[in-house]
Amino acid sequence: MTETRLRFPPSPTGYLHIGGARTALYNWLYAKKTGGKLILRIEDTDAERSTQESIQGILDGMKWLGIDWDEGPYFQTEFESDHEAASKKLLDTGKAYKCFCTKEELDVKREAAQKNKTQYGYDGTCRSLSAEEVAEKEAAGLPFVVRFKVPDQDGEIGYDDKVLGYIKAQYREIEDFVIVRSTGKPLYLLCNVVDDIRDRISHIIRGSDHMTNTIRQVLLYNALDAPVPVFAHMPLTLDTKKAKISKRKHGEIVAVQFYEEKGFIPWALSNFLVLLGWSPGNDTEFFTQDELIEAFSLERINKTNSIFNYQKGNAKFFTDPKAISFNEHYLRTMPIEDIAVMVKPFLEKEDLWDAAYEGDKKEWFLSTLDLTRDRFQMLSDFGDRGRAYFSDEFTVEQKPLKKNVLKHEGLKEWLPMLADRFEALADYNLETTEQTARDLATELDIKPGVIINGMRTVVTGQLAGPSMFDILMAIGQERVVSRLRNVAKLYEV
RNA sequence: GUCCCCAUCGUCUAGUCAGGUCCAGGACACUGGGUUUUCAUCCCAGCAACGCCGGUUCGAAUCCGACUGGGGACGCCA
(Lines give C-alpha, C1' and ligand atoms only; values in the text may rest on other atoms or scores of the structure.)
Protein backbone atom coordinates (compact mmCIF):
# COMPACT_ATOMS: atom_id res chain seq x y z
CA MET A 1 0.00 0.00 0.00
CA THR A 2 1.34 3.38 -0.95
CA GLU A 3 1.69 6.23 1.47
CA THR A 4 -1.41 8.24 2.27
CA ARG A 5 -1.02 11.88 1.40
CA LEU A 6 -3.48 14.49 2.54
CA ARG A 7 -3.64 18.18 2.10
CA PHE A 8 -5.14 21.28 3.61
CA PRO A 9 -5.55 23.97 0.98
CA PRO A 10 -6.87 27.17 2.51
CA SER A 11 -7.33 30.25 0.42
CA PRO A 12 -5.83 33.20 2.25
CA THR A 13 -8.77 35.53 2.16
CA GLY A 14 -9.31 35.86 5.89
CA TYR A 15 -8.19 34.35 9.14
CA LEU A 16 -8.35 30.65 9.79
CA HIS A 17 -11.89 29.99 10.87
CA ILE A 18 -13.17 27.14 12.94
CA GLY A 19 -14.69 25.35 9.98
CA GLY A 20 -11.38 25.43 8.19
CA ALA A 21 -9.62 24.37 11.35
CA ARG A 22 -11.93 21.41 11.66
CA THR A 23 -11.20 20.38 8.08
CA ALA A 24 -7.48 20.72 8.76
CA LEU A 25 -7.91 18.67 11.91
CA TYR A 26 -9.65 15.81 10.11
CA ASN A 27 -6.96 15.70 7.44
CA TRP A 28 -4.22 15.90 10.03
CA LEU A 29 -5.81 13.17 12.12
CA TYR A 30 -6.15 10.85 9.17
CA ALA A 31 -2.61 11.49 8.00
CA LYS A 32 -1.30 10.71 11.48
CA LYS A 33 -3.44 7.66 11.82
CA THR A 34 -2.28 6.15 8.57
CA GLY A 35 1.32 7.20 9.00
CA GLY A 36 0.96 9.45 6.00
CA LYS A 37 1.78 13.04 5.23
CA LEU A 38 -0.13 16.29 5.45
CA ILE A 39 0.64 18.88 2.83
CA LEU A 40 -0.20 22.53 3.39
CA ARG A 41 -0.95 24.35 0.21
CA ILE A 42 -1.98 27.99 0.13
CA GLU A 43 -4.41 28.55 -2.71
CA ASP A 44 -3.57 32.12 -3.50
CA THR A 45 -4.61 32.32 -7.13
CA ASP A 46 -7.27 34.84 -6.29
CA ALA A 47 -4.78 37.69 -6.24
CA GLU A 48 -7.38 40.30 -5.43
CA ARG A 49 -8.51 38.73 -2.21
CA SER A 50 -5.35 37.03 -1.02
CA THR A 51 -3.28 38.82 1.58
CA GLN A 52 0.01 38.21 3.29
CA GLU A 53 -1.61 38.97 6.62
CA SER A 54 -4.13 36.26 6.05
CA ILE A 55 -1.45 33.71 5.15
CA GLN A 56 0.30 34.48 8.41
CA GLY A 57 -2.95 34.24 10.30
CA ILE A 58 -3.60 30.77 8.92
CA LEU A 59 -0.10 29.55 9.72
CA ASP A 60 -0.31 30.99 13.24
CA GLY A 61 -3.72 29.48 13.79
CA MET A 62 -2.56 26.04 12.79
CA LYS A 63 0.52 26.27 14.95
CA TRP A 64 -1.53 27.37 17.92
CA LEU A 65 -3.86 24.44 17.46
CA GLY A 66 -0.90 22.12 17.17
CA ILE A 67 -1.67 20.99 13.64
CA ASP A 68 1.69 20.39 12.04
CA TRP A 69 2.29 19.60 8.40
CA ASP A 70 4.92 17.57 6.64
CA GLU A 71 5.29 19.48 3.42
CA GLY A 72 4.77 23.03 2.42
CA PRO A 73 3.44 25.53 2.67
CA TYR A 74 3.34 25.43 -1.09
CA PHE A 75 1.83 28.33 -2.90
CA GLN A 76 -0.49 27.64 -5.76
CA THR A 77 0.76 30.63 -7.70
CA GLU A 78 4.17 28.98 -7.93
CA PHE A 79 2.77 26.25 -10.08
CA GLU A 80 1.02 28.24 -12.76
CA SER A 81 3.05 26.57 -15.49
CA ASP A 82 1.68 23.19 -14.36
CA HIS A 83 -1.85 24.51 -14.60
CA GLU A 84 -1.26 25.95 -18.04
CA ALA A 85 0.38 22.76 -19.24
CA ALA A 86 -2.65 20.80 -18.11
CA SER A 87 -5.08 23.06 -19.91
CA LYS A 88 -2.96 22.83 -23.04
CA LYS A 89 -2.95 19.07 -22.78
CA LEU A 90 -6.72 19.00 -22.49
CA LEU A 91 -7.05 21.32 -25.44
CA ASP A 92 -4.60 19.31 -27.54
CA THR A 93 -6.31 16.04 -26.81
CA GLY A 94 -9.69 17.49 -27.68
CA LYS A 95 -10.99 17.18 -24.12
CA ALA A 96 -11.47 20.89 -23.85
CA TYR A 97 -12.27 23.69 -26.27
CA LYS A 98 -12.10 27.41 -26.65
CA CYS A 99 -15.31 29.30 -26.08
CA PHE A 100 -15.82 32.78 -27.44
CA CYS A 101 -19.19 33.49 -25.90
CA THR A 102 -19.12 36.72 -23.98
CA LYS A 103 -20.19 37.16 -20.41
CA GLU A 104 -23.08 39.29 -21.54
CA GLU A 105 -24.39 36.64 -23.90
CA LEU A 106 -24.21 34.06 -21.16
CA ASP A 107 -25.92 36.29 -18.63
CA VAL A 108 -28.85 36.67 -20.99
CA LYS A 109 -29.13 32.91 -21.35
CA ARG A 110 -28.79 32.37 -17.64
CA GLU A 111 -31.58 34.78 -16.89
CA ALA A 112 -33.80 33.23 -19.52
CA ALA A 113 -33.26 29.83 -17.99
CA GLN A 114 -34.14 31.15 -14.55
CA LYS A 115 -37.31 32.60 -15.97
CA ASN A 116 -38.29 29.34 -17.60
CA LYS A 117 -37.47 27.58 -14.36
CA THR A 118 -35.21 25.19 -16.12
CA GLN A 119 -31.72 24.20 -15.17
CA TYR A 120 -29.10 26.48 -16.58
CA GLY A 121 -26.07 25.01 -18.22
CA TYR A 122 -23.78 26.20 -20.93
CA ASP A 123 -25.52 25.36 -24.19
CA GLY A 124 -22.39 24.33 -26.06
CA THR A 125 -22.48 27.06 -28.67
CA CYS A 126 -18.73 26.96 -29.18
CA ARG A 127 -18.34 23.27 -28.66
CA SER A 128 -18.66 22.40 -32.29
CA LEU A 129 -16.67 25.26 -33.74
CA SER A 130 -14.40 24.05 -36.52
CA ALA A 131 -10.66 24.54 -36.37
CA GLU A 132 -11.00 27.23 -39.02
CA GLU A 133 -13.67 29.12 -37.13
CA VAL A 134 -11.59 29.05 -33.99
CA ALA A 135 -8.53 30.28 -35.85
CA GLU A 136 -10.58 33.03 -37.44
CA LYS A 137 -11.97 34.29 -34.13
CA GLU A 138 -8.56 34.13 -32.52
CA ALA A 139 -7.06 36.08 -35.39
CA ALA A 140 -9.75 38.68 -34.86
CA GLY A 141 -8.48 39.01 -31.33
CA LEU A 142 -11.66 37.78 -29.69
CA PRO A 143 -11.13 36.77 -26.06
CA PHE A 144 -11.97 33.21 -25.11
CA VAL A 145 -12.22 30.93 -22.12
CA VAL A 146 -11.38 27.25 -22.12
CA ARG A 147 -14.21 24.88 -21.35
CA PHE A 148 -13.99 21.24 -20.43
CA LYS A 149 -15.81 19.03 -22.89
CA VAL A 150 -18.08 16.89 -20.76
CA PRO A 151 -18.47 13.52 -22.53
CA ASP A 152 -21.57 13.70 -24.70
CA GLN A 153 -23.21 10.53 -23.58
CA ASP A 154 -26.02 9.08 -21.54
CA GLY A 155 -25.33 7.41 -18.27
CA GLU A 156 -23.66 8.57 -15.17
CA ILE A 157 -20.36 9.26 -13.57
CA GLY A 158 -19.73 8.75 -9.91
CA TYR A 159 -17.27 8.16 -7.14
CA ASP A 160 -17.28 6.32 -3.89
CA ASP A 161 -17.44 8.80 -1.05
CA LYS A 162 -16.03 7.49 2.22
CA VAL A 163 -18.75 9.11 4.27
CA LEU A 164 -21.68 9.54 1.93
CA GLY A 165 -21.40 6.36 -0.11
CA TYR A 166 -21.63 6.24 -3.88
CA ILE A 167 -22.34 9.66 -5.35
CA LYS A 168 -23.33 9.94 -8.98
CA ALA A 169 -24.48 12.43 -11.54
CA GLN A 170 -25.80 12.23 -15.06
CA TYR A 171 -23.37 13.39 -17.74
CA ARG A 172 -26.28 15.27 -19.27
CA GLU A 173 -26.64 17.39 -16.19
CA ILE A 174 -23.08 18.59 -16.09
CA GLU A 175 -22.39 21.65 -18.15
CA ASP A 176 -19.17 22.31 -20.03
CA PHE A 177 -17.51 24.19 -17.20
CA VAL A 178 -14.84 26.82 -17.60
CA ILE A 179 -11.33 25.78 -16.65
CA VAL A 180 -9.36 28.79 -17.92
CA ARG A 181 -10.36 32.44 -17.71
CA SER A 182 -10.26 34.76 -20.69
CA THR A 183 -7.14 36.24 -19.13
CA GLY A 184 -5.45 32.88 -19.59
CA LYS A 185 -5.46 32.11 -15.86
CA PRO A 186 -6.69 28.62 -14.99
CA LEU A 187 -9.47 28.33 -12.44
CA TYR A 188 -9.76 26.60 -9.10
CA LEU A 189 -11.40 23.48 -10.47
CA LEU A 190 -8.40 22.75 -12.68
CA CYS A 191 -5.60 24.11 -10.50
CA ASN A 192 -6.80 22.12 -7.56
CA VAL A 193 -6.79 18.87 -9.49
CA VAL A 194 -3.43 19.55 -11.12
CA ASP A 195 -1.88 20.37 -7.76
CA ASP A 196 -3.37 17.33 -6.11
CA ILE A 197 -2.04 15.12 -8.89
CA ARG A 198 1.41 16.66 -8.63
CA ASP A 199 1.41 16.38 -4.84
CA ARG A 200 0.24 12.77 -5.18
CA ILE A 201 -2.70 13.38 -2.89
CA SER A 202 -4.39 10.10 -2.04
CA HIS A 203 -7.27 11.28 0.15
CA ILE A 204 -9.29 14.46 -0.01
CA ILE A 205 -11.31 15.34 3.08
CA ARG A 206 -13.27 18.51 2.60
CA GLY A 207 -16.64 20.09 3.28
CA SER A 208 -19.71 18.77 1.51
CA ASP A 209 -20.15 22.16 -0.09
CA HIS A 210 -17.60 20.83 -2.57
CA MET A 211 -19.74 17.93 -3.70
CA THR A 212 -20.67 19.37 -7.07
CA ASN A 213 -17.05 20.33 -7.64
CA THR A 214 -16.00 16.80 -6.93
CA ILE A 215 -18.04 15.31 -9.73
CA ARG A 216 -16.48 17.69 -12.21
CA GLN A 217 -13.05 17.12 -10.80
CA VAL A 218 -13.44 13.38 -11.21
CA LEU A 219 -14.00 14.12 -14.88
CA LEU A 220 -10.79 16.11 -14.88
CA TYR A 221 -8.79 13.33 -13.24
CA ASN A 222 -10.03 10.96 -15.90
CA ALA A 223 -9.23 13.35 -18.72
CA LEU A 224 -5.75 13.87 -17.30
CA ASP A 225 -5.23 10.11 -17.01
CA ALA A 226 -4.64 10.40 -13.30
CA PRO A 227 -5.98 8.11 -10.57
CA VAL A 228 -8.95 9.53 -8.70
CA PRO A 229 -8.16 10.03 -5.00
CA VAL A 230 -10.42 8.86 -2.20
CA PHE A 231 -12.97 11.51 -1.35
CA ALA A 232 -14.63 12.08 2.00
CA HIS A 233 -17.08 14.93 2.31
CA MET A 234 -17.61 16.09 5.84
CA PRO A 235 -20.80 17.75 7.05
CA LEU A 236 -20.97 21.49 7.33
CA THR A 237 -21.12 23.55 10.47
CA LEU A 238 -24.15 25.79 10.58
CA ASP A 239 -25.22 28.59 12.88
CA THR A 240 -28.37 28.39 14.97
CA LYS A 241 -30.33 29.69 12.03
CA LYS A 242 -28.86 26.92 9.94
CA ALA A 243 -26.75 29.10 7.74
CA LYS A 244 -23.18 28.21 6.93
CA ILE A 245 -20.88 29.85 9.42
CA SER A 246 -18.64 32.43 7.88
CA LYS A 247 -16.25 35.09 8.94
CA ARG A 248 -18.17 37.74 7.09
CA LYS A 249 -21.48 36.93 8.66
CA HIS A 250 -20.45 35.95 12.16
CA GLY A 251 -17.30 37.91 12.74
CA GLU A 252 -14.63 37.04 15.25
CA ILE A 253 -16.62 34.26 16.86
CA VAL A 254 -15.61 31.92 14.04
CA ALA A 255 -11.95 32.93 13.96
CA VAL A 256 -9.52 30.57 15.63
CA GLN A 257 -7.52 33.55 16.81
CA PHE A 258 -10.49 34.75 18.84
CA TYR A 259 -10.35 31.58 20.91
CA GLU A 260 -6.65 32.00 21.45
CA GLU A 261 -7.16 35.53 22.73
CA LYS A 262 -10.09 34.53 24.89
CA GLY A 263 -7.94 32.03 26.72
CA PHE A 264 -8.94 28.72 25.24
CA ILE A 265 -6.66 25.75 25.66
CA PRO A 266 -5.83 24.76 22.07
CA TRP A 267 -6.50 21.10 22.59
CA ALA A 268 -9.85 21.81 24.23
CA LEU A 269 -10.95 23.62 21.10
CA SER A 270 -9.61 20.89 18.83
CA ASN A 271 -11.30 18.20 20.85
CA PHE A 272 -14.59 20.08 20.66
CA LEU A 273 -14.25 20.78 16.95
CA VAL A 274 -13.49 17.19 16.05
CA LEU A 275 -16.66 16.06 17.78
CA LEU A 276 -18.68 18.39 15.61
CA GLY A 277 -19.34 15.86 12.88
CA TRP A 278 -17.47 12.85 14.10
CA SER A 279 -17.81 10.50 17.02
CA PRO A 280 -15.86 7.46 18.15
CA GLY A 281 -19.01 5.34 18.39
CA ASN A 282 -19.01 5.16 22.14
CA ASP A 283 -19.45 7.65 24.96
CA THR A 284 -15.88 8.88 25.04
CA GLU A 285 -15.62 12.63 24.65
CA PHE A 286 -12.22 13.56 25.96
CA PHE A 287 -9.15 12.32 24.19
CA THR A 288 -5.46 12.81 24.31
CA GLN A 289 -3.90 13.46 20.93
CA ASP A 290 -2.71 9.89 20.62
CA GLU A 291 -6.07 8.51 21.65
CA LEU A 292 -7.85 10.65 19.10
CA ILE A 293 -5.47 9.66 16.32
CA GLU A 294 -6.04 6.05 17.26
CA ALA A 295 -9.82 6.39 17.36
CA PHE A 296 -10.31 8.52 14.28
CA SER A 297 -11.77 7.08 11.12
CA LEU A 298 -13.31 8.41 7.95
CA GLU A 299 -16.19 5.98 8.16
CA ARG A 300 -17.41 7.46 11.41
CA ILE A 301 -17.72 10.97 10.08
CA ASN A 302 -21.39 11.99 10.26
CA LYS A 303 -23.53 12.78 7.28
CA THR A 304 -25.60 15.37 9.05
CA ASN A 305 -24.66 19.00 9.34
CA SER A 306 -24.10 20.19 12.86
CA ILE A 307 -24.98 23.44 14.51
CA PHE A 308 -22.47 25.63 16.19
CA ASN A 309 -24.63 26.62 19.11
CA TYR A 310 -23.71 30.11 19.97
CA GLN A 311 -26.28 32.73 20.80
CA LYS A 312 -25.39 36.25 20.01
CA GLY A 313 -25.49 38.54 22.99
CA ASN A 314 -25.40 35.81 25.61
CA ALA A 315 -22.90 37.07 28.15
CA LYS A 316 -22.63 33.79 29.98
CA PHE A 317 -21.86 31.82 26.86
CA PHE A 318 -19.80 33.88 24.51
CA THR A 319 -19.46 30.80 22.33
CA ASP A 320 -20.90 27.29 22.14
CA PRO A 321 -21.53 26.20 25.75
CA LYS A 322 -20.12 22.79 25.06
CA ALA A 323 -16.89 24.29 23.79
CA ILE A 324 -16.64 26.24 27.02
CA SER A 325 -17.30 23.17 29.08
CA PHE A 326 -14.53 21.35 27.23
CA ASN A 327 -12.18 24.15 28.09
CA GLU A 328 -13.21 24.02 31.73
CA HIS A 329 -12.63 20.31 31.77
CA TYR A 330 -9.10 20.62 30.46
CA LEU A 331 -8.39 23.62 32.65
CA ARG A 332 -9.26 21.50 35.66
CA THR A 333 -7.65 18.24 34.71
CA MET A 334 -4.47 19.01 32.81
CA PRO A 335 -1.17 18.79 34.70
CA ILE A 336 -0.68 22.13 36.42
CA GLU A 337 2.75 22.53 34.82
CA ASP A 338 1.09 22.52 31.40
CA ILE A 339 -1.48 25.04 32.52
CA ALA A 340 1.31 27.27 33.81
CA VAL A 341 2.96 27.41 30.41
CA MET A 342 -0.30 28.50 28.82
CA VAL A 343 -1.14 31.03 31.52
CA LYS A 344 2.17 32.82 31.20
CA PRO A 345 1.32 34.94 28.13
CA PHE A 346 -1.90 36.08 29.75
CA LEU A 347 -0.10 37.26 32.86
CA GLU A 348 2.51 38.95 30.70
CA LYS A 349 -0.19 40.76 28.85
CA GLU A 350 -1.52 42.14 32.15
CA ASP A 351 1.99 42.96 33.29
CA LEU A 352 1.68 40.44 36.10
CA TRP A 353 4.44 38.09 35.10
CA ASP A 354 7.42 37.54 37.35
CA ALA A 355 10.38 35.55 36.06
CA ALA A 356 10.63 33.96 39.49
CA TYR A 357 7.48 32.00 38.68
CA GLU A 358 9.77 29.80 36.68
CA GLY A 359 12.44 29.87 39.40
CA ASP A 360 12.23 30.46 43.15
CA LYS A 361 8.50 31.08 43.22
CA LYS A 362 7.60 28.20 40.93
CA GLU A 363 6.13 26.08 43.66
CA TRP A 364 4.02 28.95 44.95
CA PHE A 365 2.96 29.82 41.40
CA LEU A 366 1.85 26.31 40.57
CA SER A 367 -0.05 25.84 43.80
CA THR A 368 -1.79 29.18 43.35
CA LEU A 369 -2.89 28.23 39.85
CA ASP A 370 -4.04 24.90 41.19
CA LEU A 371 -5.97 26.60 43.98
CA THR A 372 -7.87 28.91 41.66
CA ARG A 373 -8.34 26.91 38.45
CA ASP A 374 -11.57 25.20 39.59
CA ARG A 375 -13.49 28.43 39.40
CA PHE A 376 -12.15 29.66 36.08
CA GLN A 377 -13.24 28.90 32.56
CA MET A 378 -10.53 30.54 30.50
CA LEU A 379 -6.79 30.94 30.79
CA SER A 380 -7.31 34.68 30.78
CA ASP A 381 -9.19 34.48 34.08
CA PHE A 382 -5.96 34.04 36.01
CA GLY A 383 -4.83 37.53 35.13
CA ASP A 384 -8.29 38.97 35.39
CA ARG A 385 -10.44 37.58 38.17
CA GLY A 386 -7.31 36.11 39.70
CA ARG A 387 -5.35 39.33 39.61
CA ALA A 388 -5.20 39.82 43.38
CA TYR A 389 -2.99 36.77 43.73
CA PHE A 390 -0.30 38.32 41.59
CA SER A 391 -0.52 42.01 42.29
CA ASP A 392 -1.51 44.47 44.99
CA GLU A 393 -3.21 46.56 42.40
CA PHE A 394 -6.58 45.05 41.81
CA THR A 395 -10.08 46.38 41.84
CA VAL A 396 -12.68 45.32 44.35
CA GLU A 397 -15.88 44.37 42.58
CA GLN A 398 -18.97 46.36 43.43
CA LYS A 399 -21.27 43.50 44.30
CA PRO A 400 -19.15 41.91 47.05
CA LEU A 401 -18.08 45.33 48.23
CA LYS A 402 -21.66 46.24 49.04
CA LYS A 403 -22.75 42.85 50.26
CA ASN A 404 -19.74 41.82 52.29
CA VAL A 405 -18.04 45.03 53.33
CA LEU A 406 -20.11 48.20 53.29
CA LYS A 407 -23.07 46.46 54.85
CA HIS A 408 -21.03 45.86 57.98
CA GLU A 409 -19.72 49.16 59.26
CA GLY A 410 -17.86 47.34 62.03
CA LEU A 411 -15.46 45.68 59.61
CA LYS A 412 -13.70 48.97 59.34
CA GLU A 413 -12.26 48.26 62.78
CA TRP A 414 -12.52 44.50 62.96
CA LEU A 415 -10.39 43.76 59.93
CA PRO A 416 -7.46 45.91 61.11
CA MET A 417 -7.76 44.12 64.46
CA LEU A 418 -7.54 40.86 62.62
CA ALA A 419 -4.54 42.17 60.71
CA ASP A 420 -2.73 42.86 63.97
CA ARG A 421 -3.40 39.39 65.19
CA PHE A 422 -2.30 37.80 61.94
CA GLU A 423 0.85 39.84 62.05
CA ALA A 424 1.56 38.68 65.58
CA LEU A 425 1.19 35.05 64.57
CA ALA A 426 4.50 33.27 64.99
CA ASP A 427 3.29 30.42 62.88
CA TYR A 428 1.01 31.70 60.14
CA ASN A 429 -0.74 28.63 58.78
CA LEU A 430 -4.12 27.21 57.85
CA GLU A 431 -5.04 26.25 61.39
CA THR A 432 -3.75 29.29 63.25
CA THR A 433 -5.32 31.79 60.89
CA GLU A 434 -8.68 30.07 61.02
CA GLN A 435 -8.52 29.86 64.81
CA THR A 436 -7.58 33.53 65.00
CA ALA A 437 -10.46 34.59 62.77
CA ARG A 438 -12.99 32.49 64.63
CA ASP A 439 -11.78 33.63 68.03
CA LEU A 440 -12.17 37.22 66.96
CA ALA A 441 -15.70 36.59 65.79
CA THR A 442 -16.56 34.99 69.10
CA GLU A 443 -15.10 37.86 71.06
CA LEU A 444 -17.00 40.39 69.01
CA ASP A 445 -20.09 38.23 69.10
CA ILE A 446 -20.60 38.23 65.37
CA LYS A 447 -21.01 35.44 62.87
CA PRO A 448 -17.71 34.10 61.53
CA GLY A 449 -19.14 34.53 58.04
CA VAL A 450 -19.09 38.28 58.39
CA ILE A 451 -15.39 38.27 59.07
CA ILE A 452 -14.61 35.61 56.51
CA ASN A 453 -16.59 37.02 53.63
CA GLY A 454 -15.47 40.55 54.38
CA MET A 455 -11.93 39.31 54.43
CA ARG A 456 -12.34 37.53 51.09
CA THR A 457 -13.59 40.65 49.46
CA VAL A 458 -10.86 42.83 50.86
CA VAL A 459 -8.09 40.36 50.12
CA THR A 460 -9.16 39.19 46.65
CA GLY A 461 -11.67 41.76 45.43
CA GLN A 462 -13.99 38.92 44.54
CA LEU A 463 -17.37 37.73 45.73
CA ALA A 464 -16.36 34.12 45.63
CA GLY A 465 -13.23 32.11 45.62
CA PRO A 466 -11.40 29.21 47.19
CA SER A 467 -11.55 28.40 50.86
CA MET A 468 -10.68 31.59 52.71
CA PHE A 469 -7.78 30.14 54.64
CA ASP A 470 -6.24 28.67 51.52
CA ILE A 471 -6.41 32.14 50.07
CA LEU A 472 -4.66 33.51 53.13
CA MET A 473 -1.81 31.09 52.56
CA ALA A 474 -1.58 31.86 48.85
CA ILE A 475 -1.51 35.61 49.27
CA GLY A 476 0.86 35.43 52.20
CA GLN A 477 1.01 36.92 55.66
CA GLU A 478 2.52 40.26 54.77
CA ARG A 479 0.20 41.10 51.91
CA VAL A 480 -2.87 39.90 53.80
CA VAL A 481 -2.03 42.06 56.81
CA SER A 482 -1.51 45.08 54.63
CA ARG A 483 -4.74 44.61 52.69
CA LEU A 484 -6.79 44.11 55.82
CA ARG A 485 -5.36 47.23 57.38
CA ASN A 486 -6.35 49.28 54.42
CA VAL A 487 -9.99 48.35 54.60
CA ALA A 488 -11.03 51.86 55.58
CA LYS A 489 -10.15 53.03 52.08
CA LEU A 490 -13.05 51.02 50.73
CA TYR A 491 -15.56 52.97 52.78
CA GLU A 492 -14.54 56.21 51.19
CA VAL A 493 -15.95 57.16 47.82
C1' G B 1 -36.43 26.96 -9.92
C1' U B 2 -32.83 22.69 -11.28
C1' C B 3 -29.46 18.99 -9.48
C1' C B 4 -27.33 16.69 -5.17
C1' C B 5 -27.12 15.50 0.07
C1' C B 6 -29.30 14.93 4.85
C1' A B 7 -33.26 13.89 8.86
C1' U B 8 -32.77 10.76 16.99
C1' C B 9 -33.53 15.28 23.21
C1' G B 10 -32.74 22.87 22.83
C1' U B 11 -27.30 21.61 21.16
C1' C B 12 -23.17 17.69 20.13
C1' U B 13 -24.21 12.67 19.49
C1' A B 14 -24.71 6.61 20.45
C1' G B 15 -27.92 3.10 18.36
C1' U B 16 -29.29 2.39 11.61
C1' C B 17 -25.06 -1.03 7.28
C1' A B 18 -25.93 -7.13 9.73
C1' G B 19 -34.60 -5.39 12.52
C1' G B 20 -35.82 -7.86 18.67
C1' U B 21 -31.05 -6.81 24.21
C1' C B 22 -34.07 0.73 22.86
C1' C B 23 -41.26 2.43 26.48
C1' A B 24 -33.93 4.95 22.81
C1' G B 25 -27.84 5.57 25.94
C1' G B 26 -23.97 9.48 26.95
C1' A B 27 -22.43 14.70 27.06
C1' C B 28 -23.49 20.10 27.20
C1' A B 29 -27.30 23.42 28.70
C1' C B 30 -31.38 23.82 32.10
C1' U B 31 -34.04 22.41 36.97
C1' G B 32 -33.81 20.23 41.89
C1' G B 33 -30.87 18.00 45.85
C1' G B 34 -26.13 16.68 48.62
C1' U B 35 -21.16 18.65 49.93
C1' U B 36 -19.39 23.89 50.85
C1' U B 37 -19.04 29.75 56.49
C1' U B 38 -18.94 32.17 49.98
C1' C B 39 -18.68 30.81 45.02
C1' A B 40 -17.14 27.01 42.19
C1' U B 41 -15.50 22.06 41.80
C1' C B 42 -17.39 17.27 42.85
C1' C B 43 -21.61 13.74 43.58
C1' C B 44 -26.88 12.36 42.93
C1' A B 45 -31.57 13.03 40.61
C1' G B 46 -34.89 15.25 37.01
C1' C B 47 -36.39 17.46 32.26
C1' A B 48 -35.98 16.26 27.18
C1' A B 49 -35.85 13.17 20.88
C1' C B 50 -36.67 8.50 16.77
C1' G B 51 -40.24 14.77 11.32
C1' C B 52 -45.14 12.74 8.93
C1' C B 53 -47.82 8.88 6.38
C1' G B 54 -47.92 4.26 4.27
C1' G B 55 -45.57 -0.58 3.30
C1' U B 56 -42.55 -5.16 4.57
C1' U B 57 -42.31 -8.15 9.17
C1' C B 58 -44.38 -12.06 14.62
C1' G B 59 -41.50 -7.53 15.63
C1' A B 60 -39.16 -1.14 12.73
C1' A B 61 -35.41 4.45 15.39
C1' U B 62 -33.27 0.59 12.27
C1' C B 63 -35.48 -2.02 5.73
C1' C B 64 -38.66 0.12 1.39
C1' G B 65 -41.79 4.20 -0.82
C1' A B 66 -44.06 8.83 -0.89
C1' C B 67 -44.53 13.41 1.76
C1' U B 68 -42.61 17.27 4.69
C1' G B 69 -38.54 19.82 6.58
C1' G B 70 -33.37 21.39 6.43
C1' G B 71 -28.77 22.11 3.92
C1' G B 72 -25.44 22.51 -0.29
C1' A B 73 -24.22 23.61 -5.38
C1' C B 74 -25.88 26.04 -9.61
C1' G B 75 -19.42 32.24 -10.98
C1' C B 76 -14.42 33.79 -16.32
C1' C B 77 -14.46 32.92 -6.64
C1' A B 78 -11.83 29.39 -3.92
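The sequence lines fix the lettering, A, B, ..., with proteins before strands; numbering per chain opens at 1.
Between B:C12, B:G72, B:A78, one nucleotide has an atom nearer to the side chain of A:Asp209 than all others, and that is B:G72. You'll find that the side chain of A:Arg456 is closest to B:U38, out of B:G71, B:U38, B:C6. Closest to the A:Leu236 side chain, of the nucleotides B:C6, B:G71, B:U38, is B:G71. The side chain of A:Leu164 sits closest to B:C5 out of B:G71, B:C5, B:U37. Considering only side-chain atoms of A:Ile307, the nucleotide from B:C12, B:A78, B:A73 that sits closest is B:C12. For A:Asn309, counting side-chain heavy atoms from C-beta on, the closest listed nucleotide (B:C39, B:C3, B:U11) is B:U11.
Comparing B:C50 with B:A60, their C1' atoms are spaced 11 Å from each other, to the whole Å. The same atom, C1', is picked in B:C47 and in B:G32; the two are 10 Å apart, to the nearest Å. A gap of 28 Å separates the C1' atoms of B:U8 and B:C3, to the nearest Å.
Here the two rings, on A:Phe346 and A:Phe382, have centers that are 6.0 Å apart or farther. For A:Phe326 and A:Phe286, the distance between ring centers is under 6.0 angstrom.
Searching all strands for a Watson-Crick or G-U wobble partner of B:C30 with both distances below 3.5 Å returns B:G46. The partner of B:G51, taking Watson-Crick or G-U wobble pairs whose two distances both stay under 3.5 Å, is B:C67.
As a whole-Å value, the separation of A:Lys303 NZ from B:G72 P is 19 Å.
Below the 3.5 angstrom threshold, one finds a donor paired with an acceptor across the side chain of A:Asn213 and the base of B:A78.
Within the structure, a side-chain polar atom (N or O) of A:Ser279 is placed less than 4.0 Å from OP1 or OP2 of B:A14.
Side chains of A:Asn271 and A:His329: no donor on one and acceptor on the other come within 3.5 Å.
Within a 6.0 Å sphere centred on NZ of A:Lys95, heavy atoms belonging to other residues, nucleotides or ligands number more than 12.
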